[in-house]
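Everything on this sheet refers to the single structure shown next.
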Number of protein chains: 2
Amino acid sequence: MTLEQVAQHAGVSLATASRVLNGSTRQVRRELARRVTASAEELGYLANPTAQALARNVSSLVGLIVHDIADPYFSSIAAGVTRVAEAEGLVVVLGTTGRVAEREATLMATLRAHRARAVVLIGSRRVGDESGPSRLGDEISALVEQGGSVACVSQEGLPAHTVVPNNHDGAAMLARRLIDQGHRRFAVLAGPPELCAARDRLDGFYGALTAAGLDVAPGDVVHGAFTRDGGYESTRRLLAGGTDASCLFAVNDVMATGAMAAIRDTGLRIPDDLSVAGFDDIPTLRDLTPGLTSVRLPLEWMGEEAARLALGDSPADQPVTVTVDGEIVERESTTPQRS
Amino acid sequence: MTLEQVAQHAGVSLATASRVLNGSTRQVRRELARRVTASAEELGYLANPTAQALARNVSSLVGLIVHDIADPYFSSIAAGVTRVAEAEGLVVVLGTTGRVAEREATLMATLRAHRARAVVLIGSRRVGDESGPSRLGDEISALVEQGGSVACVSQEGLPAHTVVPNNHDGAAMLARRLIDQGHRRFAVLAGPPELCAARDRLDGFYGALTAAGLDVAPGDVVHGAFTRDGGYESTRRLLAGGTDASCLFAVNDVMATGAMAAIRDTGLRIPDDLSVAGFDDIPTLRDLTPGLTSVRLPLEWMGEEAARLALGDSPADQPVTVTVDGEIVERESTTPQRS
DNA sequence: CAGCCCCTGGAAAACTCTTTCCGTGCGATT
DNA sequence: AATCGCACGGAAAGAGTTTTCCAGGGGCTG
């Protein structure tokens with residue numbers, strides 16, 4: 001079923017049919033328009049998006065790049081992105097990097113080839129990315145050049161709109177709350193050393209401790225993968241090395257989940273023997289027991305906002321940055337200490 | 001950067017460049033091929049998938065239809081699908097239905113318009129869908145007609161390849177295990193009455209109870225949404241009504257999660273006051289405490305298998321059905337009863 | 001009432017590939 | 001040595017839209 005056939009059936013030209021059916025600025029007389037719509041309806045015409053993309057040089061595709069769609073952090077944000085994109089009648093293309101940095105640029109190139117109208121890129125920058133032009137940055141620029149628009153979640157410093165949690169302040173607030181609870185000795189699951197998000201949370205946490213005259217023993221900081229298993233593994237190492245911390249801060253909830261499992265497997269109780277706090281407040285993990293004290297981020301909303309930025313009409317050459325504040329959610333995984 | 005320019009740069013015809021760069025059966029002389037590849041490399045040529053799709057009448061898109069990508073059940077399967085599709089160099093289009101049945105067909109139509117090469121459809125059929133041709137069935141046939149290929153996960157009876165868990169037997173196995181533990185009075189969170197997957201699990205569970213000479217009191221079966229909140233809500237109702245069951249079976253893990261929260265909020269302990277069992281063994285939920293007894297399904301593998309079926313060369317007009325057996329995973333949420 | 005402009009319809013070019021069809025040149029076969 | 005056939009390069013015809021450009025008609029303005 002092609003537009004040509006619809007036009008013929010309605011007794012108008014191809015051009016007219018196109019103008020009626022696929023939003024053009026040009027006016028078409030009432031009567032004709034009605035005839036075209038009726039014919040399209042009757043024949044069950046469905047526009048060929050492929051041909052449209054070729055002719056318009058822009059497709060109805062919205063890219064969505066995540067590290068791992070099975071990770072609830074990413075899938076929550078993804079839900080927000082798809083909601084907005086689908087409401088606009090656009091189609092979401094899901095690309096996963098498997099945490100391989102290089103793949104972000106590769107996927108961006110693929111999306112550029114597809115003439116994607118917008119791309120939402122989720123994930124953290126790595127330390128060192130600041131220096132000079134990156135392959136990813138170039139790909140983004142190329143896509144923008146071509147008329148596309150890009151929004152990043154949690155990735156600052158790229159030539160694109162950005163939605164970024166206030167990692168530093170969130171972690172600082174959390175630290176102050178934990179100090180208020182009476183905690184004095186902390187251990188930290190710091191995630192991968194090169195990840196900016198992890199580093200910022202760490203810095204914020206440290207900052208608040210320092211301000212309170214506290215410190216973290218070098219042995220009480222453990223680096224590891226930004227995953228549940230990374231958290232488990234890191235915690236095992238921490239506990240094997242021995243620690244007298246009363247509270248363990250994992251820089252994200254997913255790692256905190258692994259941490260809780262490791263702590264239990266070691267025979268310790270949470271929070272009696274060791275308090276645990278996380279970051280993100282992932283919806284799927286709110287049912288852990290004891291409930292995980294965390295810094296709540298509105299993940300779905302962040303996805304929506306990023307999609308709106310990418311699809312909206314903010315000029316791409318003047319990137320907008322939206323900073324999202326976290327909110328402390330105190331649950332049973334942390335407990336007041338008496339000194 | 002178009003193929004034309006590459007051809008010019010290499011001093012060959014457009015046709016030759018096309019044959020060299022985009023897999024054709026036709027042979028091109030070594031020397032020419034080398035020149036074309038070199039030119040493409042030098043100019044940074046990236047094929048325009050949009051034009052290719054138009055010319056070939058099939059795109060490199062693979063559809064993936066889920067109810068809710070934030071639900072860990074779907075995101076696990078999605079991870080499997082994307083892994084396979086990306087390994088083939090294809091691009092995944094994510095469509096979400098928000099549990100609106102009608103949208104499955106709509107999304108399928110969109111994917112057909114995009115000339116998707118394959119579609120993986122995840123979700124459960126509804127009771128009553130058996131009768132006669134459905135809009136979804138028609139859309140699937142149309143897509144197949146057009147050269148596409150469809151695989152369903154958990155949806156039987158459609159004109160497409162199918163990967164389906166053995167819901168009936170899994171639930172029956174679970175029931176037998178629970179009976180072995182000494183449970184005699186059960187309550188069931190049955191999910192939405194019209195969902196086949198839920199019904200099959202219910203049937204299997206009942207069957208095993210009946211075989212053991214047991215029964216479930218009508219008041220101990222509660223229907224509700226197939227979500228975490230549905231489970232919470234249903235359990236609240238169950239407990240408010242009063243029950244003397246020693247074990248609660250939720251027909252999926254997500255509902256079981258809500259159930260555990262509701263049980264706790266009512267002041268009861270798990271498993272001391274009430275045992276809880278689920279179905280699916282969702283990876284993200286394996287860290288619940290107490291660990292949830294469940295029926296393990298290899299979700300990611302199911303996604304991979306569905307993608308392989310859809311992308312493989314099994315003729316679409318002779319659908320293949322793969323049945324996946326579950327495996328009982330006994331954890332601390334269920335405990336032996338003494339009589 | 002003449003001249004202009006605007007409004008609208010249609011023809012045709014453009015978008016970038018794939019693939020068919022044709023023609024040339026070379027090797028092999030008898 | 002002549003013919004047949006095969007291998008390979010190129011021209012050109014699509015694939016289904018959008019959009020530009022042109023032309024005709026009607027309404028305004030002066």
Side-chain angles (χ1 to χ4, degrees), chain A residues 1-37 39-40 43-61 89 91 110 112-117 146-148, chain B residues 1-37 39-40 43-61 91 109-110 112-117 146-148:
Chain A
M1 187 45 40
T2 75
L3 191 53
E4 171 87 60
Q5 294 168 39
V6 174
Q8 224 153 57
H9 185 274
V12 301
S13 79
L14 182 58
T16 303
S18 170
R19 295 200 260 253
V20 172
L21 294 177
N22 310 310
S24 152
T25 51
R26 284 279 301 263
Q27 291 292 320
V28 173
R29 217 189 327 146
R30 261 288 172 48
E31 155 67 6
L32 283 195
R34 214 187 32 68
R35 250 160 54 201
V36 172
T37 326
S39 295
L43 301 176
Y45 171 70
L46 218 61
N48 184 333
T50 275
Q52 293 185 312
L54 183 58
R56 293 181 175 149
N57 203 32
V58 55
S59 70
S60 52
L61 268 40
V91 158
T110 304
R112 174 160 60 90
H114 277 276
R115 304 297 188 273
R117 149 171 329 209
Q146 180 192 274
Chain B
M1 186 45 40
T2 73
L3 190 54
E4 170 89 61
Q5 294 168 40
V6 174
Q8 221 152 62
H9 186 274
V12 300
S13 78
L14 183 58
T16 303
S18 170
R19 295 197 260 254
V20 172
L21 295 177
N22 309 311
S24 150
T25 50
R26 284 279 302 264
Q27 291 292 319
V28 173
R29 220 189 324 145
R30 259 287 170 48
E31 155 66 6
L32 283 195
R34 214 187 32 66
R35 249 163 50 203
V36 172
T37 328
S39 296
L43 300 177
Y45 172 71
L46 217 62
N48 183 332
T50 274
Q52 293 185 313
L54 183 60
R56 293 179 174 150
N57 201 33
V58 55
S59 71
S60 53
L61 268 38
V91 158
T110 304
R112 175 161 59 90
H114 277 275
R115 303 298 186 272
R117 154 171 324 212
Q146 178 191 276

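If you're wondering where the values come from, they're calculated on a predicted model, not measured in any experiment.
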Figure out the [atom1]/[atom2] separation between [X] and [N], and round it to whole Å.
X: B:Glu31; N: D:dC8; atom1: CD; atom2: C1'; result: 14 Å
X: A:Gln27; N: D:dG26; atom1: CD; atom2: C1'; result: 17 Å
X: A:Arg19; N: C:dT8; atom1: CZ; atom2: P; result: 11 Å
X: A:Arg115; N: C:dC15; atom1: CZ; atom2: C1'; result: 10 Å
X: B:Asn22; N: C:dC17; atom1: CG; atom2: P; result: 8 Å
X: B:Arg56; N: C:dT18; atom1: CZ; atom2: P; result: 5 Å
X: B:Asn48; N: C:dT16; atom1: CG; atom2: C1'; result: 6 Å

Query raised in the report: Of the nucleotides D:dG16, C:dG9, C:dT16, which has the atom closest to the A:Val28 side chain?
Result: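 Within the option list, the nearest is C:dG9.
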
Requested in this report: Identify which nucleotide among D:dT17, C:dT16, C:dG9 has an atom closest to any side-chain atom of A:Leu32, counting heavy atoms from C-beta outward.
Outcome: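 Of the options given, the side chain of A:Leu32 lies nearest C:dG9.
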
Requested in this report: Would you kindly compare B:Ala51 and B:Arg30 by the position of their nearest DNA chain D nucleotide and give the one closer to the 5′ end?
Outcome: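 Closest to the 5' end, via its nearest nucleotide, is B:Arg30.
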
With a 4.0 Å cutoff (strictly under), does any side-chain N or O of [X] reach OP1 or OP2 of [N]?
X: A:Arg26; N: C:dT8; answer: no
X: B:Arg29; N: D:dG9; answer: yes
X: B:Gln52; N: C:dT18; answer: yes
X: A:Tyr45; N: D:dG16; answer: no
X: B:Asn57; N: C:dT18; answer: no

Query raised in the report: Can you tell me how far CZ of B:Arg115 sits from CG of B:Leu54, rounded to the nearest 0.5 angstrom?
Result: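 Atom-to-atom, B:Leu54:CG and B:Arg115:CZ are 9.0 Å apart.
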
Requested in this report: Any chance you could measure A:Gln52, atom CD, to B:His114, atom NE2, to the nearest 0.5 Å?
Outcome: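 Here the interatomic distance stands at 8.5 Å.
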
Please name the pair of heavy atoms, one in [X] and one in [Y], separated by the smallest distance, quoted to 0.1 Å.
X: B:Val6; Y: B:Leu43; value: CA-CD1, 4.0 Å
X: A:Leu46; Y: B:Ala109; value: CD2-O, 3.7 Å
X: A:Ala17; Y: A:Leu3; value: CB-CD1, 3.8 Å
X: A:His9; Y: A:Ser39; value: ND1-OG, 2.8 Å

Requested in this report: Just call it for B:Ser18: base, sugar-phosphate, or nothing, with non-hydrogen atoms closer than 4.0 Å on any strand.
Outcome: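 Since a base atom lies under 4.0 Å of B:Ser18, the category is base.
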
**Report entry** Interface residues of residues 3-16 of chain A with DNA chain C (non-hydrogen, below 4.0 angstrom)
**Finding:**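 Output list: A:Val12, A:Ser13, A:Ala15, A:Thr16.
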
Query - Side chain proximity check, B:Arg19 to B:Val36, heavy atoms < 4.5 angstrom - result: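 The answer is no, as the side chains (C-beta and beyond) never meet within the 4.5 Å cut-off.
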
